[in-house]
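Chain letters run A, B, ... following the sequence lines, proteins first, then strands; residues in each count from 1. Remember, predicted model here, so these are calculated numbers, not experimental data. Quick note: numbers below take in every heavy atom, side chains included, and nothing from hydrogens, waters or symmetry partners.
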Amino acid sequence: MAGSNIIDLNPELLSAAAESKAWPFEEAKKIIERYKGADFPETILFETGYGPSGLPHIGTFGEVARTSMVRHAFRVLTQDKVATKLLCFSDDMDGMRKIPDSVPDRSALEPHLHKPLSSVPNPFGGDYASFADHNNAMLCRFLDTFGFDYEFASATRYYKSGRFDAMLLRAAERYDQIMAVMLPTLGSERQATYSPFLPISPKSGRVLYVPMKHVDAKAGTITFDDEGTETTLSITGGRVKLQWKPDFGMRWAALGVDFEMFGKDHQTNAVVYDRICNILGGRAPEHFVYELFLDENGQKISKSKGNGLTIDEWLTYAPTESLGLYMYQRPRQAKKLYFDVIPRAVDEYYAFLAAYPRQDWKERLGNPVWHMHDGNPPAIDMPVPFSLLLNLVSASNAQNKDVLWGFISRHTQGVTPQTHPELDQLVGHAIRYFDDFVKPTKTFRPADDVERAALEDLDKALGALPAGANGEAIQNASLNVARKIERYQDHSKQSPEGGPGVSGAFFQMIYQVLIGQERGPRFGSFAALYGIAETRALIERALAGQLA
RNA sequence: GAGCGCGUAGCUCAGCCGGUAGAGCAACUGACUUUUAAUCAGUAGGUCAUGGGUUCGAAUCCCAUCGCGCUCACCA
């Protein structure tokens, strides 16, 4: 999505951008305001944080996607004259406090509890030296599949390389100030043992949460008790890390981060991060607080609860772009993230895409697709909405794309999987969505005696038809069956021969018994596409009681 | 306790840089000449939570109140 690509900067666009109220522009303007009356630094740094104890998830995607949108808006506003960078920072020096559920051999990790994730062996085997390396690689692969433009950063490597040393020494100098900020934010129990410095034990390799006995700013050392041994350790070179709140502030100060967004759960703490950053002589980045995602019951989505939707699940049923749209829209509102929102997101995406070419620049800059595609949305013709496809799959009970395409091409000429590959993709998504969500809710009912006889007659009638019979022929054959049955005679209608017409109840019965739905497409067309032999097999199964 | 968000048609929501209320679904009516429908036309339904303010004009901006939800206060 966002990249170091060339972006469009025509004059009308630029003047519309200056006025735009779209949230990425609002955020980008905060960064410009930040440097008002001064020169921009060499590179404007956008950061997103990532905790590598789990796999990348939908929140990771949202944060990177949204940050990329702000970055792009900034590039447009500054006419791309200022270099920008998105740093995806992995806090892989964090101690492994518990063993994740997802690993294969949990007991093998037990000896490594509380060690930095980058020192924990990789439980998945393979090419990566540590657990953190593995998860970091998963993150990068994840981001790469979406085409994000970013630079990966490992906390462990930054600490060990000495990149944070100057700031760590300053933190020792200003230890009292940092403590003065931190202590009031803690409960009394934690206050007693709190330390912003977390030494890595030379003895056990663990990240220690121990009180400081002495902090020597001049020597750049800390002294603490390590399981009975009084230990003095240099705070530089990755021997000591900072506790997370000071870590945020220190990192911002050390790297000169200009923008970092985070979820509402960080909001209260952000003030603390900022103050630490200031104490260390840095300027806190611009923030943007986004709302958390909720499940269908309005509960916060969390990995541990396993509620809500995973990114893989979303992408099983819909194209990536629909998820990008979801991320663009109303980031400050808590939105429900569950399966029901997918069809709407998909259809809205294509609707926005279709509207784009005929919009003026002001409207375009308010159109999500402009932000999602770095100002260069693709031209895609989507003749059939996703909601309609779902309807159709459900009605036809389609098991594969061919059946569905049969219906589609009947109604829209010149549309084929070749001319409309996106639609073809969507057809596949619709079938999967149907299988997983609609199908389980279907309720088949058994046929009573009259219905049973009617279906048997229908079966025979179908059997008498030639193999290639068309929809019309099948429809007429089934009507002939129904006309003989008293229950389905409708005397308010007339058959071609002058007798009573066929009641709609006949077809309703067919769908209730055969497909488990109240309605369906014209039966003749359905049977023609579904196949006469297949339809007869379906009747057989229904009569054998295998459906209800 | 602190912070954030929400309260608009039966349901899900859009509209919110102010200018006579919208969509989808549901409901109802009718057309399509054997009603099974990815069709078309139409109807109905809202004191835009409440009270005040700014304004010629407020669902939209400001203040207050009520209701609902979430987050943080242990860890990251």
Side-chain angles (χ1 to χ4, degrees), chain A residues 19-22 25-26 49-54 91 94-98 117 184-187 189-190 194 207 209 243-245 247-248 262-272 289-302 304 329-336 340-341 343-344 347-348 351 362 366 383-396 404 407-408 410-412 430 475-476 478-480 482-483 488-512 515 517-526:
Chain A
E19 304 287 313
S20 178
K21 302 275 183 186
F25 281 110
E26 298 281 6
Y50 170 68
S53 54
D91 186 14
D94 193 28
M96 181 176 72
R97 278 176 302 279
K98 57 183 178 199
L117 281 158
T185 70
L186 303 165
E189 224 167 285
R190 192 81 183 83
Y194 183 80
V207 181
Y209 289 75
Q243 198 268 352
W244 69 286
K245 286 180 198 174
D247 202 39
F248 259 94
F262 37 74
K264 193 168 73 167
D265 47 348
H266 277 274
Q267 193 172 22
T268 317
N269 296 324
V271 185
V272 176
V289 178
Y290 57 84
E291 263 285 359
L292 273 18
F293 298 116
L294 272 32
D295 69 8
E296 68 266 46
N297 300 315
Q299 300 297 304
K300 174 189 173 184
I301 287 185
S302 71
S304 53
Q329 289 181 311
R330 296 177 295 285
R332 293 199 125 116
Q333 259 181 46
K335 289 186 298 179
K336 293 187 175 175
D340 299 32
V341 308
R344 184 172 173 163
D347 283 338
E348 283 189 346
K362 187 188 169 179
V384 185
F386 194 53
S387 55
L388 231 49
L389 285 178
L390 287 174
N391 209 333
L392 183 54
V393 185
S394 176
S396 64
L404 213 49
F407 284 101
I408 293 167
R410 267 185 74 230
H411 286 265
T412 44
Q475 182 75 4
N476 286 330
S478 29
L479 287 164
N480 277 328
R483 263 194 281 275
Y488 300 121
Q489 291 171 353
D490 184 339
H491 294 275
S492 66
K493 293 170 184 165
Q494 259 197 357
S495 74
E497 293 81 30
V502 173
S503 152
F506 176 65
F507 293 102
Q508 187 165 37
M509 178 276 287
I510 289 179
Y511 284 105
Q512 285 173 346
I515 295 179
Q517 303 228 164
E518 290 303 305
R519 28 170 71 185
R522 192 178 180 83
F523 178 71
S525 325
F526 166 72

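Between H266(A) and F262(A), the ring planes lie tilted relative to each other; the angle falls in the 30° to 60° range.
How far CZ of R190(A) is from OH of Y209(A): 7.5 Å, rounded to the nearest 0.5 Å. L389(A) CG to L404(A) CG: the interatomic distance, rounded to the nearest 0.5 Å, is 6.0 Å. Atom CD in Q333(A) sits 14.0 Å away from atom CG in L292(A) (nearest 0.5 Å).
Which of rU34(B), rU71(B), rC75(B) sits closest to the side chain of R483(A) comes down to rU34(B). Of all nucleotides listed (rA76(B), rG69(B), rU34(B)), rA76(B) comes nearest to the side chain of W244(A). Nearest to the side chain of Y511(A), among rU71(B), rC75(B), rU36(B), sits rU36(B). The listed nucleotides are rU71(B), rC17(B), rC75(B); the one nearest the side chain of L186(A) is rC75(B). Residue K264(A) places its side chain closer to rG3(B) than to any other of rC75(B), rG3(B), rG5(B). Across rA76(B), rU34(B), rC4(B), the shortest atom-to-atom separation from the side chain of H266(A) is found for rA76(B). In this structure, the nucleotide among rA76(B), rU34(B), rC17(B) sitting nearest to the side chain of K362(A) is rC17(B).
Atom CG in N476(A) sits roughly 10 Å away from atom P in rU34(B) (whole-Å rounding). The OH atom of Y290(A) sits 18 Å away from the P atom of rC6(B) (whole-angstrom rounding). As rounded to whole Å, 7 Å separates atom P of rA76(B) from atom CG of D94(A). Look at CD on Q329(A): it is 14 Å from C1' on rA23(B), rounded to the nearest Å. Between F262(A) atom CZ and rC72(B) atom P the separation is 14 Å, expressed in whole Å. Straight-line distance from the CG atom of L292(A) to the P atom of rG5(B): 14 Å, rounded to whole Å. In this structure, D347(A) places its CG atom 12 Å from P of rG24(B), rounding to the nearest Å. Rounded to whole Å, atom C1' of rC68(B) lies 14 Å from atom CD of E291(A).
Contact between V393(A) and A430(A) at its shortest, heavy atoms only, is CG2-CB, 3.9 Å. Counting all heavy atoms, side chain and backbone alike, S478(A) lies closest to F523(A) at OG-CD2, 3.8 Å.
Remark: Y488(A) engages no residue in a side chain to side chain donor-acceptor pair (under 3.5 Å) (not counting sequence neighbours). Every residue two or more places apart in sequence or in another chain that forms a side chain to side chain contact (heavy atoms under 4.5 Å, CB included) with S387(A) is listed here: D347(A), P385(A). The ring pair (Phe, Tyr, Trp, His ring centres under 6.0 Å) search around F25(A) returns W370(A), H371(A), not counting sequence neighbours. Taking the salt bridge (charged side-chain N to carboxylate O under 4.0 Å, His left out) definition, one finds that K245(A) meets it with nothing, sequence neighbours left out.
Here L479(A) lies in heavy-atom contact (under 4.0 Å) with a base. The residue L389(A) sits apart from the nucleic acid: no heavy atom pair falls under 4.0 Å. Residue contacts shown for N269(A) include a base, since a base heavy atom lies under 4.0 Å away. Residue contacts shown for G263(A) are absent, as no nucleic acid heavy atom lies under 4.0 Å away. Backbone-only engagement by Q243(A) is indicated by non-hydrogen atom pairs under 4.0 Å involving sugar-phosphate atoms exclusively. Q475(A) comes within contact range of the sugar-phosphate backbone alone, with a heavy-atom separation under 4.0 Å but no base atom that close.
For the C1' atoms, the distance from rA26(B) to rC62(B) is 38 Å, rounded to whole Å. Nucleotides rG22(B) and rC16(B), compared at atom C1', are 13 Å apart to the nearest Å. Rounded to whole Å, the separation between the P atoms of rG18(B) and rU39(B) comes to 39 Å. rA14(B) and rU8(B) are spaced 10 Å apart, taking the P atom of each and rounding to whole Å. One P atom belongs to rC61(B), the other to rA23(B), and the distance between them is 23 Å to the nearest Å. Remark: the separation of the C1' atoms in rG15(B) and rG7(B) is 15 Å, to the nearest Å. Here the separation of rG67(B) from rU50(B), taken at their C1' atoms, is 10 Å to the nearest Å. Comparing rG52(B) with rG10(B), their C1' atoms sit 32 Å apart, to the nearest whole Å.
At least one side-chain nitrogen or oxygen of Y209(A) sits closer than 4.0 Å to the OP1 or OP2 atom of rA76(B). For R190(A) and rC75(B), the shortest distance from a side-chain N or O to OP1 or OP2 is below 4.0 Å.
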query = Stepwise, does the side-chain contact (heavy atoms from CB on, under 4.5 Å) test hold for D91(A) with Y50(A)?
reply = CA-CA 6 Å; D91(A) 186 14; Y50(A) 170 68; over 6 Å; no
inquiry  = Using side-chain contact (heavy atoms from CB on, under 4.5 Å), reason through F248(A) and N269(A) one step at a time and then give a plain yes or no.
reply    = CA-CA 10 Å; F248(A) 259 94; N269(A) 296 324; over 6 Å; no
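Stem analysis of RNA chain B (at least three stacked-register Watson-Crick or G-U pairs, each with both distances under 3.5 Å) gives B:1-7 with B:66-72, B:10-13 with B:22-25, B:27-31 with B:39-43, B:49-53 with B:61-65.
Nearest-nucleotide positions on RNA chain B place V289(A) closer to the 5' end than the other of M509(A) and V289(A).
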key: Sequence-aligned protein contact record of nucleotides 8-15 of chain B, with B where the base is within under 4.0 Å of a protein heavy atom and S where only the sugar-phosphate is   = ----BSS-
